[in-house]
Amino acid sequence: MSLKKIPLYKQLKQKIIQKIEKGELKPGDVLPPERELAELFEMSRVTVRQAISELVNEYVLVRRHGSGTYVAENKIPHGKKLKSFSEDMSLRGMMPGSKICEKNIITNPSANMAAELKSEGNLLILKRLRLADLEPLAIETSMLPIERFPGIENRNFQNESLYKILEDEYNIKIIKAQQKIEVGMPTPQESELLQINYTIPVFRLRQVTFDQNDTIIEIAHSVYRGDRYDIETEIYR
């Protein structure tokens, strides 16, 4: 198809994508303002705006209110090996971090919660905003039986890995986990914490973690940014 038959906004989309693929525009780079792009490519601002809007909808670009339009960061593949968030980010050369959103002790857990963790004692609810290089990537809410891990509620989880504490101080060997993954839209609170637009979908993970005795030690509910994560699977026949 000749360029004359391709709408101008699609031609501009392809030019921007080519610049990204060639490395002329890198993840995190800011795009010039619409006015400059219109002058550079000799197109109307309406055409430029349409091209950019489509690339934002396709998660190639990302708009930041009051700041501009940026090339989207590369997505992080969700690993197939069971690792803590801190381990995973460190292996990728990123600095892990956390902000504590909630840390509560439930003294009278519901029958369902007690049955899931096979514990009738107090439960620790730990909700953290997980960061990589200071960027929010996920919200994790963990539920653990305190009777198995006395004193764990006093730890500083902002700077410490939950899995490392369990393994180093409670002689737990984390063996496996079962995960259920769904895709949905973020709540207003999740959008605010993750610093994403409410139109960007998220991955919702429910994880049940087992130790060396095949005992459930943690149930976690996580929300991961859909614009920064990929989930891949292998299927065999």
Can you tell me how far [atom2] of [Y] sits from [atom1] of [X], rounded to the nearest 0.5 angstrom?
{"X": "I152", "Y": "L126", "atom1": "CD1", "atom2": "CG", "result": "8.5 Å"}
{"X": "L166", "Y": "N171", "atom1": "CG", "atom2": "CG", "result": "11.0 Å"}
{"X": "E34", "Y": "Q50", "atom1": "CD", "atom2": "CD", "result": "11.5 Å"}
{"X": "S84", "Y": "I174", "atom1": "OG", "atom2": "CD1", "result": "8.0 Å"}
{"X": "I125", "Y": "T141", "atom1": "CD1", "atom2": "OG1", "result": "8.0 Å"}
{"X": "R128", "Y": "E140", "atom1": "CZ", "atom2": "CD", "result": "5.5 Å"}

Taking all atoms of both residues into account, what is the closest heavy-atom pair of [X] and [Y], and its distance?
{"X": "P186", "Y": "P201", "value": "CD-CA, 4.4 Å"}
{"X": "D88", "Y": "K83", "value": "OD1-CE, 3.5 Å"}
{"X": "L129", "Y": "L194", "value": "CD1-CD2, 4.1 Å"}
{"X": "E147", "Y": "P150", "value": "O-CD, 3.9 Å"}
{"X": "I217", "Y": "P145", "value": "O-CD, 3.5 Å"}
{"X": "F157", "Y": "S98", "value": "O-CB, 3.8 Å"}

Report yes if some heavy atom in the side chain of [X] is under 4.5 Å from a heavy atom in the side chain of [Y]; otherwise report no.
{"X": "K10", "Y": "Q14", "result": "no"}
{"X": "T69", "Y": "V62", "result": "no"}
{"X": "I146", "Y": "L123", "result": "no"}
{"X": "R148", "Y": "Y170", "result": "no"}
{"X": "V46", "Y": "R49", "result": "yes"}
{"X": "V71", "Y": "V60", "result": "no"}
{"X": "P136", "Y": "L193", "result": "no"}

Are the charged groups of [X] and [Y] less than 4.0 angstrom apart, N to O?
{"X": "E169", "Y": "K164", "answer": "no"}
{"X": "K19", "Y": "E24", "answer": "yes"}
{"X": "R225", "Y": "E135", "answer": "yes"}
{"X": "K180", "Y": "E182", "answer": "yes"}

Do other residues, nucleotides or ligands put more than 12 heavy atoms under 6.0 Å from E102 CD?
yes
Donor-acceptor pair, side chain of [X] and main chain of [Y], under 3.5 angstrom:
{"X": "R204", "Y": "M185", "value": "yes"}
{"X": "E190", "Y": "T187", "value": "yes"}
{"X": "D29", "Y": "K26", "value": "yes"}
{"X": "D133", "Y": "M94", "value": "no"}
{"X": "Q212", "Y": "K173", "value": "yes"}
{"X": "S90", "Y": "S86", "value": "yes"}
{"X": "E153", "Y": "L124", "value": "no"}

Decide whether [X] and [Y] are clustered together by the hydrophobic rule: side chain heavy atoms of Ile, Leu, Val, Met, Phe, Trp, Tyr closer than 4.5 Å, transitively.
{"X": "M89", "Y": "L205", "value": "yes"}
{"X": "L8", "Y": "L40", "value": "yes"}
{"X": "Y70", "Y": "V48", "value": "no"}
{"X": "I139", "Y": "Y198", "value": "no"}
{"X": "I200", "Y": "V202", "value": "yes"}

Walk me through it: do E54 and K13 pass the test salt bridge (charged side-chain N to carboxylate O under 4.0 Å, His left out)?
CA-CA 8 Å; E54 289 207 358; K13 278 181 62 179; 2.8 Å; yes
Walk me through whether R45 and T47 qualify under side chain to side chain contact (heavy atoms under 4.5 Å, CB included).
CA-CA 5 Å; R45 292 183 66 174; T47 299; over 6 Å; no
Determine whether Q158 and N156 satisfy the following criterion, side-chain hydrogen bond (donor to acceptor under 3.5 Å, both in side chains), listing intermediate values before the conclusion.
CA-CA 5 Å; Q158 186 158 313; N156 178 12; 5.9 Å; no
Which is it for N122 and N108 under the side chain to side chain contact (heavy atoms under 4.5 Å, CB included) test, yes or no, and what are the steps along the way?
CA-CA 7 Å; N122 296 344; N108 294 303; over 6 Å; no
For D211 and K176: C-alpha separation, side-chain torsions, deciding distance, then whether salt bridge (charged side-chain N to carboxylate O under 4.0 Å, His left out) applies.
CA-CA 7 Å; D211 68 5; K176 66 178 182 179; over 6 Å; no
Answer with yes or no whether the side chains of [Y] and [X] bring together a donor and an acceptor at under 3.5 Å.
{"X": "Y163", "Y": "E218", "answer": "yes"}
{"X": "T199", "Y": "N197", "answer": "yes"}
{"X": "S53", "Y": "R63", "answer": "yes"}
{"X": "Q207", "Y": "T209", "answer": "yes"}

Taking it one step at a time, do V223 and F203 satisfy side chain to side chain contact (heavy atoms under 4.5 Å, CB included)?
CA-CA 6 Å; V223 181; F203 293 111; over 6 Å; no
Can you confirm if the aromatic rings of Y224 and Y229 lie within a centre distance of less than 6.0 Å?
yes
With side chain to side chain contact (heavy atoms under 4.5 Å, CB included) as the criterion, how do I175 and F210 come out once you've worked through the C-alpha distance, each side chain's angles and the decisive distance to 0.1 Å?
CA-CA 6 Å; I175 298 297; F210 297 81; 5.5 Å; no
